[in-house]
A.B. asks: 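Input: one structure, supplied below.
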Amino acid sequence: MTLNKSKQTDFYLRVFEVVAEIPYGRVTTYGAIAEYLGVRSGARAVGWALNKTLSRYNGEDLPCHRVVNRLGQLTGKSYFTGGTMENMLRQEGVVFKSPDTVDLNRHFWHPDDG
């Protein structure tokens with residue numbers, strides 16, 4: 001997916017808006033966000049957008065820790081120091097199936113769910 005600068009900014013803002021809506025104790029995937037935004041093959045672009053947030057959007061902290069890959073793995077954990085991503089999810093009651101892998105069957109949220 002290649003976007004010009006203006007479309008990229010718009011896409012990133014739309015990603016941020018979706019991430020801001022992820023409920024406490026729930027997770028979603030890069031792919032689910034991309035699909036919701038009408039870009040089925042845009043999971044990586046969602047990751048790039050989150051990499052650009054610096055955890056700030058419109059003066060609010062974004063719950064980027066609630067976005068995982070399609071297998072439930074904490075692929076974004078390298079952007080959080082010292083196990084922070086896992087700790088934040090566990091504090092919200094998110095259950096892990098194995099190290100670095102959340103139980104998507106229990107905690108998955110799709111943006112269509114509102």
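Starting from 1, each residue takes its place in the sequence as its number.
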A.B. asks: Can you list everything that forms a side chain to side chain donor-acceptor pair (under 3.5 Å) with Lys97? Sequence neighbours excluded, please.
C.D. replies: none

A.B. asks: Taking only residues two or more places apart in sequence or in another chain, which ones pass side chain to side chain donor-acceptor pair (under 3.5 Å) with Arg70?
C.D. replies: none

A.B. asks: Is Phe11 linked to Leu13 within one hydrophobic cluster, defined over Ile, Leu, Val, Met, Phe, Trp and Tyr using a side-chain heavy-atom separation of less than 4.5 Å?
C.D. replies: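 In one cluster with Phe11: Leu13, yes.
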
A.B. asks: Looking at Arg40, I want to see if its CZ is surrounded by more than 12 non-hydrogen atoms of other residues, nucleotides or ligands under 6.0 Å.
C.D. replies: no

A.B. asks: Tell me every residue that passes side chain to side chain contact (heavy atoms under 4.5 Å, CB included) with Phe108, counting only those two or more places apart in sequence or in another chain.
C.D. replies: Thr28, Thr29, Ala32, Leu104, His110

A.B. asks: Minimum heavy-atom separation for Pro63 and Ala20, please, with both atom names.
C.D. replies: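 Closest approach of Pro63 to Ala20, heavy atoms only: CD-CA, 4.1 Å.
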
A.B. asks: Does Asp100 have any side chain to side chain donor-acceptor pair (under 3.5 Å) partners at least two apart in sequence or in another chain, and if so, which?
C.D. replies: Lys77

A.B. asks: Write down the atom of Phe16, the atom of Ala49, and the distance for their closest heavy-atom approach.
C.D. replies: CE2-O, 3.3 Å

A.B. asks: Between Glu21 and Glu17, which heavy-atom pair has the shortest distance, and what is it?
C.D. replies: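 Minimum heavy-atom separation between Glu21 and Glu17: CG-O, 3.3 Å.
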
A.B. asks: Can you name the closest pair of heavy atoms from Ala34 and Ala43 and give their distance?
C.D. replies: CB-N, 3.7 Å

A.B. asks: Who are the side chain to side chain donor-acceptor pair (under 3.5 Å) partners of Glu92, not counting sequence neighbours?
C.D. replies: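 Result, side chain to side chain donor-acceptor pair (under 3.5 Å) vs Glu92: His65, Arg66.
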
A.B. asks: Could you pull out the closest heavy-atom pair between Glu86 and Phe96, with the gap in Å?
C.D. replies: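 Nearest heavy atoms, Glu86 then Phe96: CG-CZ, 3.5 Å.
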
A.B. asks: Which residues satisfy the side chain to side chain contact (heavy atoms under 4.5 Å, CB included) test with Asn69, sequence neighbours excluded?
C.D. replies: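 Listed in chain order: Tyr30, Leu71, Gln73, Thr75.
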
A.B. asks: Considering all heavy atoms of both residues, which atom of Asn87 and which atom of Gly82 are nearest to each other, and what is their separation?
C.D. replies: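 The pair with the smallest heavy-atom distance is ND2-O, 4.1 Å.
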
